[in-house]
**Student:** 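This is the structure I want to talk about, given as structure tokens.
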Amino acid sequence: MSIALSEQEIIRRESLQKLRELGINPYPAEAFDVTAWAQDINDNFEANPDKYKQVVIAGRIMTRRIMGSASFAEIQDSTGRVQIYIKRDDICPGEDKTLYNTVFKKLLDIGDYVGIKGYVFLTQTGEISVHTEELIVLSKSLKPLPVVKREDDGTIHDGFTDPEMRYRQRYVDLTVNPEYKNIFINRSKVISSMRNYFNAQGWMEVETPILQPVHGGAAARPFATHHNTLDMGLFLRIANELYLKRLIVAGFDGVYEFGKMFRNEGMDRTHNPEFTAMEIYVAYKDYIWMMAMVEECLETVAKAVHGIPVVHVGQHEINFAGPYEKLSMYDSILKYTGIDVSAMDEEGLRKVCADLAIEVDASMGKGKLIDEIFSAKVEHNLIQPTYITDYPIEMTPLAKKHRTKDGLVERFELFVNGKEIANAYSELNDPIDQRERLEEQLILAGRGDDEAMAMDDDFLRALEYGMPPTSGLGIGIDRLVMLMTNQSTIQEVLFFPQMRPEKKAKAPSIEDFTNIGVPAEWVPVLNKMGFNTVEELKAGNPNKVFNDLGGMRKKLKLDITMPVKETVMAWFE
RNA sequence: GACUUGGUAGCUCAGCUGGUAGAGCAACUGACUCUUAAUCAGUGGGUCGAGGGUUCGAACCCCUCCCAGGUCACCA
């Protein structure tokens with residue numbers, strides 16, 4: 001809480017006080033029954049004017065054009081903006097014109113919530129407007145919103161564009177830039193259409209632990225935390241895969257979860273430390289089956305958002321209708337580099353990396369080296385949905401060995417627009433094989449790979465009881481939403497992307513002041529008066545400081561006790 | 001983490017070679033009964049991201065730091 005109020009904030013607080021003095025509660029408790037919305041009025045009034053002879057709307061005042069005893073304003077609700085017309089003598093039929101002259105013209109501001117009762121009509125210039133018969137204050141805004149001006153042709157003036165402020169104050173962003181709400185509406189459609197599709201297949205939505213004693217199911221650095229009562233370390237999950245498989249062991253045929261995952265790694269336009277993943281496991285299926293399911297699912301999602309399976313992303317038209325192109329990992333490298341790495345050992349792969357100028361380090365095993373080559377040379381070429389299949393066993397400890405190809409596993413990743421958005425296996429259900437594979441991960445960890453997977457004995461115990469053949473799939477929801485909404489940064493599809501803490505508006509040590517007897521609540525006032533250090537204060541004139549404190553208290557409408565003069569004098573001793 | 005661009009009024013931004021901090025919108029006072037980026041007249045509003053340095057003098061030059069964007073690196 002800052003006491004250093006701007007001029008406009010002080011004026012709004014004064015307006016708030018004056019509203020109360022007029023007997024108007026600026027924050028009424030009663031429900032306000034809204035009967036009409038801006039978009040509906042704008043879309044349907046002209047075709048059906050009789051329906052709009054008595055409407056009640058509510059929203060924020062976003063613009064005002066006052067012309068003496070008549071005014072226009074725009075009210076923004078959750079659906080858009082509609083113009084209202086206010087005539088003084090209509091809302092103030094008697095002698096008392098306070099509601100118009102004082103409340104509307106002086107005490108209300110841009111950003112305030114009001115309720116409007118009236119009828120819809122067409123102005124002389126043809127704009128659909130609500131003729132106001134009653135004006136009700138619903139909530140007073142104390143901070144001025146940025147004023148973004150829009151012309152009829154869509155030209156924007158003084159846009160609120162600073163990404164730092166947009167992300168830190170998303171509530172302001174979406175208020176003054178309501179077009180961004182569509183991204184989040186579409187995000188919701190992506191998730192709900194996918195959920196509906198899964199439910200229609202008879203699969204069950206579940207929840208699994210976010211706090212996990214062992215971080216398994218993926219290769220990533222975790223966030224560590226601690227439970228006090230149990231006095232034990234816990235990790236925020238980097239994946240939920242191993243828990244969902246336990247549920248397949250438990251006897252469910254299909255389980256899925258939309259959930260937040262947490263990875264303690266770098267941040268950029270495709271990575272946020274917490275992100276949303278969807279994982280689904282279906283018993284008695286394999287990764288071939290899963291490819292067809294993903295095609296059907298993503299086509300459903302694209303249609304839910306756009307009505308058609310074709311999505312415009314950057315320069316590309318991406319078609320989510322299946323079937324998608326399939327390319328094995330080795331074939332894709334062959335296709336885009338001309339090099340056949342399928343039979344190479346680690347040494348050969350290192351040489352290929354050196355020839356292609358790909359940076360590697362000593363901790364990388366064979367699988368990791370192949371992945372490096374793929375990332376550097378293939379990935380960005382995969383624009384239309386493409387399955388990359390049959391990964392080397394070394395980089396995939398949780399997938400079943402390939403049914404015919406030695407050294408490979410039954411895995412695919414789906415690439416769209418050069419980015420991975422889904423990953424699926426025929427899940428490894430051989431408990432002995434699984435134990436060996438996790439032990440190999442421990443060896444990688446020993447070589448310095450700090451992302452190698454950890455051993456999870458309880459998961460292995462579950463497998464030993466027996467897991468049916470199962471196919472599993474993970475989809476990065478944020479990246480899918482980026483695709484479906486044509487956004488190039490993850491921040492734009494997250495309401496509250498992770499940010500560094502805002503710097504405190506320079507807090508000259510409060511303790512320094514309290515140590516000489518200044519009450520803590522008065523320190524910011526002294527700062528506002530220009531005394532940022534005790535030394536500066538002591539150089540001042542005690543009598544003037546005392547008088548000015550009273551002045552500031554009045555000016556800033558502070559509800560704190562004025563210190564007596566002797567107290568103030570003591571600060572200077 | 002590296003490089004790079006930026007941080008000036010509530011918002012969007014100017015600010016030349018170092019010489020008294022500016023505009024538009026918003027706010028305030030006033031005029032105006034169909035405006036719509038309303039208009040007209042007037043007024044107030046600043047820790048120039050923070051701290052140090054150079055200088056007679058710093059928004060501007062130098063150093064350190066903070067925050068954000070971009071590019072790259074890292075990263076299923």
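Any value given below was found using the heavy atoms of this structure, including those in side chains, with hydrogens, waters and symmetry copies removed. Chain identifiers are assigned alphabetically (A, B, ...) following the order of the sequence lines, protein sequences preceding nucleic acid strands; residue numbering begins at 1 within each chain.
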**Student:** Compare side-chain N and O positions of A:R221 against OP1 and OP2 of B:rC75 and report whether any pair is under 4.0 Å apart.
**Tutor:** no
**Student:** Round to a whole Å and report the spacing from CD of A:E9 to C1' of B:rA9.
**Tutor:** 12 Å
**Student:** Determine the interatomic distance between P on B:rU8 and the same-named atom on B:rC13; round to the nearest Å.
**Tutor:** 9 Å
**Student:** Rounded to the nearest angstrom, tell me the gap between atom CZ in A:R168 and atom C1' in B:rA68.
**Tutor:** 8 Å
**Student:** Quick one: does A:T123 reach the base of B:rU35 with a side-chain donor-acceptor pair under 3.5 Å?
**Tutor:** yes
**Student:** Show me the pairs that pass salt bridge (charged side-chain N to carboxylate O under 4.0 Å, His left out) and involve residues 153-164 of chain A, at least two apart or across chains.
**Tutor:** A:E164-A:R168
**Student:** Which one is paired to B:rC11, where only Watson-Crick or G-U wobble pairs with both distances under 3.5 angstrom count?
**Tutor:** B:rG24
**Student:** Using atom names, set out every protein N or O paired with an N or O of nucleotides 69-71 of chain B below 3.5 Å, distance rounded to 0.1 Å.
**Tutor:**
{"unit_1": "B:rG69", "atom_1": "OP1", "unit_2": "A:Q491", "atom_2": "NE2", "d": "3.0"}
{"unit_1": "B:rU71", "atom_1": "OP2", "unit_2": "A:R269", "atom_2": "NH1", "d": "3.3"}

**Student:** Without decimals, in angstroms, what is the distance between A:D173 CG and B:rU12 C1'?
**Tutor:** 15 Å
**Student:** Mind checking who B:rA2 pairs with, Watson-Crick or G-U wobble, both distances under 3.5 Å?
**Tutor:** B:rU71
**Student:** Distance check, P atoms only: B:rA14 and B:rG52, in whole angstrom units.
**Tutor:** 28 Å
**Student:** So what does A:F121 hit on the nucleic acid, given a heavy-atom distance under 4.0 Å: a base, only sugar-phosphate, or nothing?
**Tutor:** base
**Student:** Who passes ring pair (Phe, Tyr, Trp, His ring centres under 6.0 Å) against A:F104, sequence neighbours left out?
**Tutor:** A:Y100
**Student:** When the P atoms of B:rG15 and B:rG53 are considered, how many whole Å apart are they?
**Tutor:** 29 Å
**Student:** In whole angstrom, what separates A:M62's CE from B:rA37's C1'?
**Tutor:** 14 Å
**Student:** Grab the N/O contacts between the protein and nucleotides 25-30 of chain B below 3.5 Å, and write none if there aren't any.
**Tutor:**
{"unit_1": "B:rC25", "atom_1": "O3'", "unit_2": "A:K149", "atom_2": "NZ", "d": "3.2"}
{"unit_1": "B:rA26", "atom_1": "OP1", "unit_2": "A:K149", "atom_2": "NZ", "d": "3.1"}
{"unit_1": "B:rA26", "atom_1": "N3", "unit_2": "A:Q8", "atom_2": "NE2", "d": "2.9"}
{"unit_1": "B:rA27", "atom_1": "O4'", "unit_2": "A:Q8", "atom_2": "OE1", "d": "3.4"}
{"unit_1": "B:rG30", "atom_1": "OP2", "unit_2": "A:K106", "atom_2": "NZ", "d": "2.7"}

**Student:** Grab the CG-P distance between A:D152 and B:rU35 for me, whole Å please.
**Tutor:** 13 Å
**Student:** Applying salt bridge (charged side-chain N to carboxylate O under 4.0 Å, His left out), can you list everything that pairs with A:R479, at least two apart in sequence or on another chain?
**Tutor:** none
**Student:** Does A:R65 put a side-chain nitrogen or oxygen below 4.0 Å from OP1 or OP2 of B:rU35?
**Tutor:** no
**Student:** Taking pairing as Watson-Crick or G-U wobble with both contacts under 3.5 Å, can you name the mate of B:rC16, or confirm there isn't one?
**Tutor:** none
**Student:** Can a side chain N or O of A:R150 be found less than 4.0 Å away from OP1 or OP2 on B:rA37?
**Tutor:** no
**Student:** Provide, to the nearest angstrom, the distance between the CE atom belonging to A:M67 and the P atom belonging to B:rA31.
**Tutor:** 15 Å
**Student:** Quickly work out the A:R88 CZ to B:rC34 P distance and round it to whole Å.
**Tutor:** 13 Å
**Student:** Going by side chain to side chain donor-acceptor pair (under 3.5 Å), name the residues that satisfy it together with A:T386, two or more places apart in sequence or in a different chain.
**Tutor:** none
**Student:** Determine the minimum heavy-atom distance between A:M329 and A:D390, stating which atoms define it.
**Tutor:** CB-O, 3.7 Å
**Student:** Nearest whole angstrom, please: distance from the P of B:rU36 to the CD1 of A:I86.
**Tutor:** 17 Å
**Student:** Looking only at heavy atoms, what is the nearest atom pair of A:A424 and A:L473, with distance?
**Tutor:** CB-CD1, 3.9 Å
**Student:** Between B:rG51 and B:rC67, how many Å separate the two C1' atoms, rounded to a whole number?
**Tutor:** 15 Å
**Student:** Does A:S141 have any side chain to side chain donor-acceptor pair (under 3.5 Å) partners at least two apart in sequence or in another chain, and if so, which?
**Tutor:** A:R12
**Student:** What's the gap between B:rC32 and B:rA50 when it is taken at their P atoms, as a whole Å value?
**Tutor:** 45 Å
**Student:** List the residues meeting side chain to side chain donor-acceptor pair (under 3.5 Å) with A:E95, not counting sequence neighbours, and say none if there are none.
**Tutor:** none
**Student:** Around A:Q315, counting heavy atoms of other residues, nucleotides and ligands shown, do more than 12 lie under 6.0 Å from its CD?
**Tutor:** no
**Student:** With sequence neighbours left out, which residue pairs that include part of residues 363-382 of chain A fulfil the ring-ring contact (aromatic ring centres under 6.0 Å, His included) condition?
**Tutor:** A:F374-A:F415
**Student:** Taking atom P in both B:rA26 and B:rC62, what distance in whole Å separates the two?
**Tutor:** 38 Å
**Student:** Nearest heavy atom decides the nucleotide; on that basis, is A:Q124 or A:T270 closer to the 5' end of RNA chain B?
**Tutor:** A:Q124
**Student:** Roughly how far apart, to the nearest Å, are B:rC48 and B:rA59 at atom P?
**Tutor:** 8 Å
**Student:** NA contact type, A:R166, heavy-atom cut-off 4.0 Å: base, sugar-phosphate, or nothing?
**Tutor:** nothing
**Student:** When both hydrogen-bonding distances must be under 3.5 Å and the geometry is Watson-Crick or G-U wobble, what is B:rA41 paired with, if anything?
**Tutor:** B:rU29
**Student:** Should B:rC65 form a Watson-Crick or G-U wobble pair with both distances under 3.5 Å, which nucleotide is its partner?
**Tutor:** B:rG49
**Student:** Could you pick out which residue, A:H131 or A:V148, lies toward the 5' side of RNA chain B when each is mapped onto its nearest nucleotide?
**Tutor:** A:V148
**Student:** What's the closest nucleotide to the side chain of A:H271 if the choices are B:rC75, B:rU12, B:rC67?
**Tutor:** B:rC75
**Student:** Taking only residues two or more places apart in sequence or in another chain, which ones pass side chain to side chain donor-acceptor pair (under 3.5 Å) with A:H157?
**Tutor:** A:E151
**Student:** If I compare all heavy atoms of A:I370 with all of A:P392, which pair ends up nearest, and what's the gap?
**Tutor:** CD1-CG, 3.5 Å
**Student:** Measure distances between side-chain N and O atoms of A:D268 and base N and O atoms of B:rC74, and say whether any donor-acceptor pair falls under 3.5 Å.
**Tutor:** yes
**Student:** Between B:rU55 and B:rU17, how far is it from one C1' atom to the other, in whole Å?
**Tutor:** 15 Å
**Student:** Could you list all the salt bridge (charged side-chain N to carboxylate O under 4.0 Å, His left out) pairs where at least one residue sits in residues 409-427 of chain A, not counting sequence neighbours?
**Tutor:** A:K245-A:E427, A:R403-A:E410, A:R411-A:E413
**Student:** What are the residues of residues 256-263 of chain A, sorted by number, that bring a heavy atom to within less than 4.0 Å of RNA chain B?
**Tutor:** A:R263
**Student:** Which atoms form the tightest heavy-atom contact between A:M453 and A:P397, and what is the distance?
**Tutor:** CE-CG, 3.7 Å
**Student:** Given the structure, check if the side chain of A:E151 and the base of B:rU36 hold any donor-acceptor pair shorter than 3.5 Å.
**Tutor:** no
**Student:** Could A:R166 and A:Y180 be counted as a cation-pi pair, given that NZ or CZ must be under 6.0 Å from the ring centre and within 45° of the axis?
**Tutor:** yes
